[in-house]
Every structure is written in structure tokens, then in C-alpha cells.
Amino acid sequence: MGTARNLTEEEKKGYRELRWDDKEVCAFYMVRFCPHDLFVNTRSDLGQCPRVHDPKLKESFEKSSRHDAYVPKFEAELAKFCEKLVMDLDRRVRRGRERLAQEVEPAPPAPLSAEKSEQLSVLEEKIKNLLEQVESLGEAGKVDEAEALMRKVEALNAENTVLTQQPQNDKVLMLAQEKKMALCEVCGSFLVANDAAERTQSHVTGKQHIGYGMVRDFISEFKEAKEKAREEEKLAREKEAKERRKQKKEYQSRRSRSDSGDRDKYRDRDKDSDRYQDRDLDRERSREWRGRGSRDGEREWRYKNGRDGGRDRHHNRSRSRSPGRHSHRRSSRSPVRRY
């Protein structure tokens with residue numbers, strides 16, 4: 001089994017088993033087709049492929065877990081090779097189209113020699129005379145004689161045509177023949193225009209036509225897939241950018257609402273603080289007024305009831321300044337008189 005299944009024992013010594021991802025294995029054969037196999041024994045024969053074509057390796061590649069990862073790489077390499085083939089073919093097609101498009105312009109007639117000019121003059125004179133005789137015989141009702149003369153006139157006209165006709169060279173004849181050819185736009189082969197259906201069908205089913213058809217179809221398919229992938233990637237990027245813009249807008253909106261809420265909260269907090277301060281101030285003022293009113297009332301009550309310290313001191317000072325007290329102080333100091 002494997003790539004060494006057909007080797008002898010001697011050949012198997014030192015032989016390394018190939019894997020599908022080795023450089024010696026044809027990647028084109030692995031993924032699609034190898035162009036070297038398409039044009040065998042045709043004018044476009046590419047020769048034998050220098051790399052290994054093994055169905056077992058291809059089967060191993062198709063079953064590999066890395067298959068999907070390597071397919072784009074192998075297809076890109078095959079597309080590059082096929083594009084080069086088509087570029088060379090299209091160059092040949094353009095040259096063939098230009099060759100078929102060449103117009104075969106007839107050369108101007110060469111002047112007749114004196115001998116041919118004299119012969120033509122004699123022939124024209126004979127034809128003129130015979131036509132006059134044919135007309136006379138026809139008027140006389142001699143139909144048979146008139147027809148015989150007409151046959152002579154036709155023979156003289158043919159001889160006149162031969163004398164006036166110019167010979168064409170080989171090149172002009174070849175180009176005129178090529179104007180009857182057609183060009184296959186798929187494989188670049190020349191075809192006979194309006195050829196038999198069997199020959200046309202034989203060309204369409206030939207290796208060269210089918211091979212180039214496969215190459216062109218693969219290139220078109222590869223380009224379409226590549227363009228589709230590019231469009232999908234572009235749409236994905238646009239969708240991602242749109243989603244980012246949406247998230248950014250939502251974030252800014254949430255942040256704006258949060259800032260507005262914070263401002264409202266701080267504003268309410270300031271209002272509450274001002275309100276509390278006003279309330280505390282009112283309470284302080286109220287306490288001050290109540291305290292002041294209480295002290296005034298207490299003073300008034302003390303004043304009325306003689307409990308005011310100031311009043312008592314005033315009263316004591318008044319008593320200390322009375323005459324009796326001063327006389328008592330003086331009598332205590334003076335000697336007592338006896339009567």
C-alpha cells in the first residue's frame with residue numbers, strides 16, 4: 001500500500017513514504033486537476049507533470065483535518081498557473097483574429113498588351129455583328145437560326161472574359177482561402193467556416209477544446225468566489241463598524257444620562273443641604289429668641305418680686321446711705337453723754 005507499493009525490496013530501502021503535503025506531490029492534482037493532464041498529444045501539450053500524482057495521496061488529503069485550510073492555498077496556486085496558460089492562449093487568439101481580419105484588396109488590373117487589345121477588338125466586332133444577325137432572324141421568325149448564332153455569341157463572350165481576366169498570385173489566393181476560416185475563441189484553433197456538423201462536433205469534444213474550457217471555467221469560478229469572499233468581508237467590516245458606532249452611541253447616551261442624573265442628584269443634595277441649613281438657622285434663631293424672651297421675663301419677675309440681685313444691691317446701697325445708719329456710726333464713735 002502507499003506510494004511504495006510498486007517498488008522492489010531493494011528500492012524500498014532508504015525510501016521515505018510521501019505525504020500529501022510534501023513538495024514532491026502535485027497540489028493541482030490534489031485540489032482540482034493538473035493542466036499537464038489536459039492536453040496530452042495535442043498542439044498544446046505541456047509535457048509530463050514533474051510532481052507526483054497519486055490517487056491514494058489525494059484520498060488522504062480529502063480525509064485530512066487540514067483539508068479545508070489547504071484548499072484555498074492550492075486553488076490560488078492553480079489559478080495562477082491557469083491564468084498564465086490563458087494569457088498565452090489569448091495572445092495567440094488575438095494574432096489569429098487579426099490575421100483573419102485582414103482584408104484582401106485586389107491588385108489593380110495590369111494594362112493589356114497590344115496583341116490582346118487587338119484580339120479583343122476583333123471579338124467585340126464579331127459579337128456585335130452576330131447580335132445584329134440574331135435580331136434580324138428573330139424578326140423574320142427564324143428561331144432555330146437565331147439560337148445557333150446566340151450560342152456563337154456566348155462562346156465569343158467566354159473567350160473575351162478569358163482574355164480580360166488577370167491571373168492572381170499565390171499569396172492572394174491563400175488569403176482569400178483564409179477568409180473562409182473561423183477561429184475558436186475557447187482554444188484558439190482555426191476552423192473551416194460552415195464546416196460539416198460532424199467535424200465541428202469532433203472539435204468541440206477534442207482534448208484541447210475541453211481542456212481550455214476547464215481552465216477558463218475554473219478561473220471564472222475562482223474569481224467569482226474570491227469576489228464573493230471580498231464582498232462578504234466588506235459587509236462584515238461594515239456591520240462591525242456599525243455595531244461599534246451603535247455601542248459608542250449607547251455608551252455616550254448612558255454616560256449623558258448618568259451625568260445628568262448626577263447633576264440632578266447633586267442639585268437635590270445642594271437643595272436639601274440649603275434647606276437643612278435654613279432649618280438649622282431657623283431653629284437657632286428660634287432658640288435665641290426663646291432664650292432672650294425667657295431671660296427678659298425672668299428679669300421682670302425678679303424685679304417684681306425683689307429677687308433681682310441688682311435691685312437688692314441698690315436697696316442695700318440705699319439703706320447704707322440712710323441718716324440713721326450714718327448717725328449710728330457716728331454715735332458709736334462719739335462718747336456717750338449722760339444726762
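Hydrogens, waters and symmetry mates play no part in the numbers below; they use all other heavy atoms, side chains included. Residue numbers count from 1 along this sequence.
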For the [atom1] atom of [X] and the [atom2] atom of [Y], what is their distance to the nearest 0.5 Å?
{"X": "Cys82", "Y": "Arg32", "atom1": "SG", "atom2": "CZ", "answer": "10.0 Å"}
{"X": "Ser202", "Y": "His209", "atom1": "OG", "atom2": "NE2", "answer": "11.5 Å"}
{"X": "Leu156", "Y": "Glu154", "atom1": "CG", "atom2": "CD", "answer": "10.5 Å"}
{"X": "Glu62", "Y": "Leu57", "atom1": "CD", "atom2": "CG", "answer": "11.5 Å"}
{"X": "Glu231", "Y": "Lys226", "atom1": "CD", "atom2": "NZ", "answer": "13.5 Å"}
{"X": "Lys242", "Y": "Glu240", "atom1": "NZ", "atom2": "CD", "answer": "14.0 Å"}

Contact summary for [X] and [Y], nearest pair of heavy atoms:
{"X": "Val186", "Y": "Tyr212", "value": "O-CB, 3.6 Å"}
{"X": "Cys187", "Y": "Gln208", "value": "O-NE2, 3.5 Å"}
{"X": "Phe81", "Y": "His36", "value": "CZ-CE1, 3.9 Å"}
{"X": "Phe218", "Y": "Glu75", "value": "CZ-O, 3.6 Å"}
{"X": "Ala79", "Y": "Phe222", "value": "CB-CD2, 3.6 Å"}
{"X": "Leu183", "Y": "Gly96", "value": "CD2-C, 4.0 Å"}

Just wondering, do [Y] and [X] contact through their side chains at under 4.5 Å, heavy atoms?
{"X": "Val31", "Y": "Tyr70", "value": "no"}
{"X": "Ile127", "Y": "Leu131", "value": "yes"}
{"X": "Pro35", "Y": "Leu85", "value": "yes"}
{"X": "Lys207", "Y": "Val40", "value": "yes"}
{"X": "Trp20", "Y": "Arg66", "value": "yes"}
{"X": "Lys223", "Y": "Glu83", "value": "yes"}

Self-check item: Intermediate values then yes/no, side chain to side chain contact (heavy atoms under 4.5 Å, CB included), Leu38 and Leu46
Solution: CA-CA 9 Å; Leu38 301 180; Leu46 301 175; over 6 Å; no
Exercise. May I ask you to decide if Glu125's main-chain N or O and Asn129's side chain share a donor-acceptor pair within less than 3.5 Å?
Key: yes
Quiz item: Is the backbone of Lys56 close enough, under 3.5 Å, to the side chain of Ser60 for a donor and an acceptor to pair up by distance?
Solution: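 No.
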Note: [X]-[Y] ion pair, threshold 4.0 Å (strictly below):
{"X": "Arg237", "Y": "Glu233", "answer": "yes"}
{"X": "Glu227", "Y": "Arg230", "answer": "yes"}
{"X": "Arg92", "Y": "Asp88", "answer": "no"}
{"X": "Glu224", "Y": "Lys228", "answer": "no"}
{"X": "Arg94", "Y": "Glu98", "answer": "no"}

Quiz item: Can you check salt bridge (charged side-chain N to carboxylate O under 4.0 Å, His left out) on Glu132 and Lys128, steps first, answer last?
Solution: CA-CA 6 Å; Glu132 290 177 354; Lys128 182 179 178 181; 5.0 Å; no
Exercise. Applying side chain to side chain contact (heavy atoms under 4.5 Å, CB included), run through Asp54 and Leu18 and close with a yes or a no.
Key: CA-CA 10 Å; Asp54 192 328; Leu18 286 176; over 6 Å; no
Quiz item: Is Leu89 reachable from Phe190 through a run of I, L, V, M, F, W or Y residues, each pair having side-chain heavy atoms under 4.5 Å apart?
Solution: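 Both belong to a single hydrophobic cluster.
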Exercise. Could you point out which residue of Met30, Arg51, Arg19 forms a side-chain contact (heavy atoms from CB on, under 4.5 Å) with Val25?
Key: Met30
Quiz item: Stepwise, does the side chain to side chain contact (heavy atoms under 4.5 Å, CB included) test hold for Leu191 with His203?
Solution: CA-CA 9 Å; Leu191 305 173; His203 167 75; 3.6 Å; yes
Quiz item: Does atom CD of Glu250 have more than 12 heavy-atom neighbours from other groups under 6.0 Å away?
Solution: yes
Quiz prompt | Cationic tip of Lys58 above Tyr29 ring, under 6.0 Å, 45° of axis | solution =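 Judged by the rule (NZ or CZ under 6.0 Å from the ring centre, within 45° of its axis), Lys58 counts as positioned above Tyr29.
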Exercise. I would like to know whether Phe39 and Ile210 meet side chain to side chain contact (heavy atoms under 4.5 Å, CB included); could you show each step before the answer?
Key: CA-CA 9 Å; Phe39 308 107; Ile210 292 177; over 6 Å; no
Quiz prompt | Sole candidate of Arg97, Arg216, Arg95 that passes salt bridge (Lys or Arg N to Asp or Glu O under 4.0 Å) when paired with Asp90 | solution = Arg216
Quiz item: Under the ring pair (Phe, Tyr, Trp, His ring centres under 6.0 Å) criterion, do Phe61 and Phe74 qualify, and how do the steps go?
Solution: CA-CA 12 Å; Phe61 169 67; Phe74 289 168; 5.6 Å; yes
